[in-house]
Amino acid sequence: MTHTTVRSAKAARRFAQYSCAAAAFVLMPAAVHAQSNLSSQGYGFPTGQLSARAYGAGGSLAEMDPLTPVNPASLGLLPSRILFLQMEPEFRSVKTTAGTERTTTARYPLVFGAIPVTSSFMVSLGASTLLDRTSSTSFSTMQKLADGQDVAMNTTYRIDGAMSDVRLASAWVPNSWLRVGVGIHGISGHNLVALTQSFDDSLRFSAFTQSRVLGFGGGAVSGGVQLVSSKFVAAGSARYGGNLSVTSEDTVLAKARVPNRFGASLAYIGIPNSTIAIRTTRDSWSSLGSLGSPDLRAVDAWDTSIGADVAGPHLGQRIVYLRGGYRMRTLPFQASGQDVNEKSITAGIGTAFAANHVITDLALIRASRTANLSASEHAWTLSFGIAVRP
Amino acid sequence: MLHKRILTLLTVAIAVTTIAACSEKLDAGKSCPLLCPQQAISLADTTIFAVELDTTVIGLPPIGHEAYLMLASHGDTLETRAIVRFDTLPQSYTKSTVDSVITHLDSAILITPIAKPDSLHRPKAPVTIEAYNVDTVDTDTSAAILGSLFRPDRFLGSKTFAPESLLDTLRIPISTDSVLERVKNGTRLRVGFRVRSNVGVDVRIGTVQTNGPVTLRLRASLDTAAAPVSVSPNSSTPPGQTFSSGPLEDYTIVLKGGQTALGVTALGVGGVPSRRTYLRFNVPSRIIDSTTIVRASLLITQFPNRRVNPRDSLFVYAEAILASPGAVTDIGSLLQFLSAPGSFGLDSVSSAPADSGVRSFEIVGLVRTWRGQTSTVSPRSVALLSAAEGQLPGEINFFSSEAPLAVRPRLRITYVPQTSYGLP
């Protein structure tokens, strides 16, 4: 499982690098600076593990979207083998009394492949970002030394990496009204933490950089079911978390449990090629509280959304799907002891090309994140997914 | 068909835009400390008596290895001479591409490059530089023997310079008869320089070590077609020992005022004869190997030395010793295997001999190299030396580790203790 995890993550990263290289002709190099915000507290930002299609509908389709690795039963919707990759840059602004800062974070939160074993049995392997901690924080402080001297220091924490969820899942479709699925999850990934401390007095003090790799290892199982009628689909899924540990080299630093999760969704499918859905899910993020320092505060959170995926205009033989949704959730880690809430308005579009061999989905998300603090955060997220049916 | 193309183009444009965003810009920090759970790493500070051995070695740099020859006259306090050897003199000159034997000399001039004194160190009175024939068959590096040769019957010539004329090169004419005699006989010419003035004076003369030695310019003919002959220093003794004879092409001797006695509580750099100080450290492994050192200051206490030029500031350098004490046991030899000035980020301290107080040498760049290394691989030692050693007589003195506790050398180390960072 560990090797699979590494390979999946590397494959996603390699694809991302190639994508970056391919787009280099339109890029200007950007400096990497620091980041401090409401959404990346603790072990990072929960991307939601949503596909671009589900994201476009506010996340409401997550329990019944086969490209969203939440409900394994939804794999039964896939008619053939498929490969899928998603890119998701986020343009974020954080406003505090000190001013506004704008950042751009590139994410590649989803890579996924599935293959049918029989006409009613599908197997998939995918990796998704559970918590993205990529960030960089710089600040200045003053320290008084034993000889009474004050030393001005500049500290930068640069953190790269994420906690990833690698899922091996299968779905069975015994008849037209029932789909069931199970999955096993490996929680993996790492955080590369680089600490740089420099000094205003560079004649007498020498800057230094230390780095440390935090590795994650854990497991979970999940199961899901979908009940289909002529006009409604009801879906639900749950994940049961196993042990989770964070290590540095060969030392186990802390242990916790992978957060449990359950979710349910109800969708109306009475309009041809369209879905209107509502979904809610509960994540027991508090189980991660023991994975960090005593100051780490993780909270259990609801994630509720409503949205629609409707057939829009036809372009030739092609249907263009239009999506919209609304989502509200609580983020897993508190900021300065306060819960962080997020509200999002989403829109999306999707269609297929090459005789349905290539499926593309695009979502645009406007998120507002607040806490009971003199700080607020807003973000535009562009989620672009591309699936290929070889 | 048009719709298909438009949709394809739109999809490509969206894909490119999305991929373009993979250029990250994670620019922030304004919201700290409100939204920044991370804390600055606290520094720890300790001062330890880490010097396990310190001593001063006199006679460094060795004779003939000075960057400049020290020609000094300070009355009864200090008297030095500079010696330049011309052991091979040419016997011919070139005129219109034709070689001719030297039978006559119109002029013999010692072209003497000097270090231009700055305005603070410019002599306050005219300076006379005399040249003597100091060739002898006796021990030719003995100060006592050579000093006795500075007498009227060996006088070669002299010239007096106004203070403002001490720029970069002095031209001192010497006796053409004396030189011609040696040219004709094929014998060597060894010139001893002496400086005189109404006040204490120091003149620094260029050497072969710095590619700017004294040269002897001979003009064998008044004909402008005859090129003057320029003779560079050359030493033939000790015979067959190029390693030793080379540096002796020019060197300094001390006739009066050389001080060799230093108490056990004292260390010295510079002075006459020139000296360097050796310090070996023993720093606990729990600091060197288990922490990240951000500052290491060698704190050493200076006490006044008012013998010569007490108010003339000197730069004292800390330099890393590159030879392992296991491979080279003689400290005098160790003090010659030094890193280049400025290596390892080591800096200098400016101080006058008459000053006193604690001086701080920042050696963090060197101390960091000790981490995880044995002292054989990365010697834990430092040399202190004057930037003008062998050139100027000023000497800086410090208290040694044999001195009272309050003034012993010590090492102040500021470090980052082992920390567990990275967990949120």
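Residue numbers start from 1 in every chain, and the chains themselves are labelled A, B, ... in the order their sequence lines are given, proteins ahead of strands. None of these values were measured; they are calculated from a predicted model.
In this model, a donor atom of one side chain and an acceptor atom of the other lie less than 3.5 Å apart for A:Ser206 and B:Arg368.
Proximity to chain B (any heavy atom under 4.5 Å) is restricted, for A:Leu373, to the side chain, taken from C-beta onward. When heavy atoms are compared at a cutoff of 4.5 Å, A:Leu291 approaches chain B solely by way of its backbone atoms N, CA, C and O. Interface residue A:Gln149: only side-chain heavy atoms are found under 4.5 Å from chain B. Looking at B:Ser297, neither its backbone nor its side chain comes within 4.5 Å of chain A, counting heavy atoms on both sides. Proximity to chain B is limited to the backbone of A:Thr100, based on heavy atoms less than 4.5 angstrom apart. If you measure heavy-atom distances from B:Ser42 to chain A, the contacts under 4.5 Å come from both the backbone and the side chain. Contact of A:Val213 with chain B is not made at all, since no heavy-atom distance falls under 4.5 Å. Using a 4.5 Å cut-off between heavy atoms, A:Ser293 contacts chain B through both its backbone and its side chain. Of the atoms belonging to B:Val364, it is side-chain heavy atoms, and not backbone ones, that fall under 4.5 Å from chain A.
Checking side-chain atoms of A:Arg212 against main-chain N and O of B:Gly422 turns up no donor-acceptor pair under 3.5 Å.
The 12-atom threshold is not exceeded at CZ of A:Arg297, counting heavy atoms of other residues, nucleotides or ligands nearer than 6.0 Å. Counted within 6.0 Å of CZ on A:Phe208, heavy atoms from surrounding residues, nucleotides or ligands total more than 12; the atom is thus considered enclosed.
In terms of heavy-atom pairs under 4.5 angstrom with chain B, the leader among A:Phe205, A:Phe199, A:Tyr43, A:Phe333 is A:Phe205. For the set A:Ala335, A:Gly99, A:Ala207, the count of heavy-atom pairs under 4.5 angstrom toward chain B peaks at A:Ala207. When each of A:Gly44, A:Ser211, A:Ala194 is checked for heavy-atom pairs under 4.5 Å with chain B, A:Ser211 comes out on top.
Separating the CG atom in A:Asp295 from the CG atom in B:Leu423 is a distance of 11.5 Å, to the nearest 0.5 Å. Note: A:Leu214 CG to B:Tyr421 OH = 9.0 Å, rounded to the nearest 0.5 Å. Note that CG of A:Leu195 and OG1 of B:Thr292 are 9.0 Å apart. Values are rounded to the nearest 0.5 Å. Remark: A:Gln143 CD to B:Asp45 CG distance equals 9.0 Å, nearest 0.5 Å.
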* Verify side-chain contact (heavy atoms from CB on, under 4.5 Å) between B:Arg295 and A:Asp201, making sure each step is shown before the conclusion. => CA-CA 10 Å; B:Arg295 178 178 67 166; A:Asp201 181 357; over 6 Å; no

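Counting all heavy atoms, side chain and backbone alike, A:Met153 lies closest to B:Leu43 at SD-CD1, 3.6 Å.
Under the 4.5 Å side-chain criterion, counting only non-hydrogen atoms from C-beta, A:Arg204 is not in contact with B:Ser360.
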